[in-house]
Each structure stands twice: as C-alpha cells, then as structure tokens.
Amino acid sequence: MENYTKARTVEQPSVCPFPGLSHDTPEIRVKDGSKIRNLLRYALSRMEAKPRASEEEGQPPPEEGGMAVEGQQEAPTRPLCKRLVFTASGKGVSKAITCAEIMKRRIKSLHQLTRLLYSTVVEVWEPLEPAAGLDSLTVSRNLPAIWILLSKEPLDSSQPGYQAPGRYNALWVQSNTKEEDGGLTGQRAGHRKKRGGGGGDGSSGSRGKGPSRHTGRSRESTKGQS
C-alpha cells in the first residue's frame, strides 16, 4: 500500500437494533473526536426537566448525533423524552459507554439495554502516481459497534444485555464489609503477625549472631596467648 493514499472513508449506515422505538427518540452518534461534556449536555437536556445552569451556559452545541444534530439549538424547548440511544463504532465505543454510565448516575431510574454488532466502513485508495497504471482500490472493513438504549420506562429484562437500575457503589460496600468482618484483610494481618512473632522473641536472632561473636572472641584470645 506504499503506492496508494487514502482518498475517502465512507461509513455505511447501520440499522437500529432496537425495534419499536418512536420516531422522536434521540439517537446520539459518538465519534472518537466527540467531547463528552457536549454529548451529555444535549442528552440531559432531553431527559431532565431542569439541567444544570453551568452545563447550559457558555458551552457549544453537541457535535455529533443522528437526530441530535438536527435542531440542537431548540433542544431545551422540546418535550422531554423517556428513551435515548447512544451509538458508536471503532474508537468511539469507550466514549459511548462513558456517556451511558454518567447518565445512569445522574438519573437513577434508567434501564439499560446494550447491543454489540459490526458496522461496515468503505475506504477508497487512490494511486500516488496515476501514470503508473495502478487502479484505485476499495476496501471494506468491519468495525465493532455498540448501541446503548437508556429508558425511564421498564424494559424487557429477559433480553440479553439488559441492566436494571441499581446501586453503583455495591462493590465498595462489599469490600468494606469484608474488612469489618475480618475477611481476607484479617487473614493477611494474621500472617504478618505470625511472621513478626517468629523473630520477636530473639531466639532466632541470637542463634544467627551468637556463634559468630563467640568465634571472634576465641580467635582474639588465642592470638593474645600466642
């Protein structure tokens, strides 16, 4: 490919994997260069009645998003929605997951449904020297993609990828409970105490140092007698 240069990249549109969504459900497309604060500002304005003033003032409009791109300036006057979709492919997947997790911590009653699939990206490569007789190349690549549906209304819990609203500090609460009950932390402390106790009575230390000192004195006394 050293004789070619990438001319353009076209991402094929993907079909939403969530059937039955209303036509006014916001679909926010997250890209690698998207700013999380802009995406969240738009998403919260569509699902919260009173967004934070600091997020509403002095911030540029969101950069990405299928339905989110159209009429972004009028978003605060739109009726609040009960469902919202984050979608991303390639390097933008991690940002879409971050946006969804922050949304769930801001709005505690959100149900989540996640779908993992592939999106097709078509790359067109042109030869660096047209006179060399090389033809243009078209390459199709499959990129991992994610679709995250957040809903204030309950979703079908039997579907794969469903996450119910819940506490997000459960892991830390469980760890603190283990420490208070003398679990793994108590066992490690016991091992350390046992190791320290073995060398604490001085018997092992005297065994290691006693003979050497005694031998040194006997050698000096022997030299003095001679």
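Predicted model only: the values in this text are computed from it and were never measured.
- You'll find the side chain of His111 stays beyond 4.5 Å of the side chain of Arg83, heavy atoms only.
- With sequence neighbours excluded, no residue forms a side-chain hydrogen bond (donor to acceptor under 3.5 Å, both in side chains) with Ser157.
- Tyr162 and Ile148 are members of different hydrophobic clusters when ILVMFWY side chains are connected at heavy-atom separations under 4.5 Å.
- For Asp156, the side-chain hydrogen bond (donor to acceptor under 3.5 Å, both in side chains) partners at least two apart in sequence or on another chain are Ser158.
- Contact record, Val122 with Ser140: CG2-OG, 4.0 Å, taken as the closest heavy-atom pair.
- In this structure, Met103 is a member of the same hydrophobic cluster as Leu39, with clusters built from ILVMFWY side-chain heavy atoms closer than 4.5 Å.
- Side-chain heavy atoms closer than 4.5 Å link hydrophobic residues (I, L, V, M, F, W, Y) into clusters, and following such links, possibly through other members, connects Leu110 to Ile97.
- In the hydrophobic clustering of this structure, Leu113 does not group with Phe86; members are Ile, Leu, Val, Met, Phe, Trp, Tyr whose side-chain heavy atoms approach within less than 4.5 Å, directly or through other members.
- Of the candidates Thr120, Val121, Leu117, Asn142 forms a side-chain contact (heavy atoms from CB on, under 4.5 Å) with just one, namely Thr120.
- Both Val30 and Met47 are assigned to one and the same hydrophobic cluster, defined by single-linkage of ILVMFWY side chains at heavy-atom distances under 4.5 Å.
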side-chain contact (heavy atoms from CB on, under 4.5 Å), that's the test. Do Leu149 and Leu21 meet it? Break it down for me. CA-CA 10 Å; Leu149 172 62; Leu21 292 180; 4.1 Å; yes
Pair Thr87-Ser14, side-chain contact (heavy atoms from CB on, under 4.5 Å): steps then yes or no: CA-CA 10 Å; Thr87 176; Ser14 302; over 6 Å; no
Exercise for review: For side-chain contact (heavy atoms from CB on, under 4.5 Å), just list the numbers for Cys81 and Thr25, CA-CA rounded to whole Å, side-chain angles, deciding distance to a tenth of an Å, and then say yes or no.
Suggested key: CA-CA 7 Å; Cys81 60; Thr25 301; over 6 Å; no
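- At a threshold of 4.0 Å, the pair Glu11-Lys31 does not count as salt-bridged, since none of the basic side-chain nitrogens sits closer than that to a carboxylate oxygen.
- A heavy-atom distance below 4.5 Å is found between the side chains of Leu143 and Ser119.
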Taking it one step at a time, do Gln159 and Arg115 satisfy side-chain contact (heavy atoms from CB on, under 4.5 Å)?
CA-CA 10 Å; Gln159 295 191 22; Arg115 290 286 184 269; 2.7 Å; yes
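- Of the inter-residue distances, the one linking Leu134 atom CG with Tyr4 atom OH reads 4.0 Å to the nearest 0.5 angstrom.
- Rounded to the nearest 0.5 angstrom, Lys82 NZ and Asp24 CG are separated by 11.5 Å.
- Note on residues 124-139: pairs passing side chain to side chain donor-acceptor pair (under 3.5 Å), not counting sequence neighbours, are Glu123-Trp125.
- To the nearest 0.5 Å, atom OG of residue Ser151 and atom CD1 of residue Ile107 are 11.0 Å apart.
- Lys95 contributes a side-chain N or O that, together with a main-chain N or O of Ser34, makes up a donor-acceptor pair within less than 3.5 Å.
- When all heavy atoms of Cys99 and Leu40 are compared, the pair lying nearest together is O-CD2, 3.7 Å.
- The two residues Pro144 and Val93 make their nearest non-hydrogen contact at O-CG2, 3.8 Å.
- Considering every non-hydrogen atom in both Glu48 and Leu80, the closest pair reads O-CD2, 3.3 Å.
- Across Pro26 and Arg46, no two heavy atoms sit closer than the pair CG-NH1, 3.6 Å.
- Residues Val139 and Lys6 fail the side-chain proximity criterion, which asks for heavy atoms closer than 4.5 Å.
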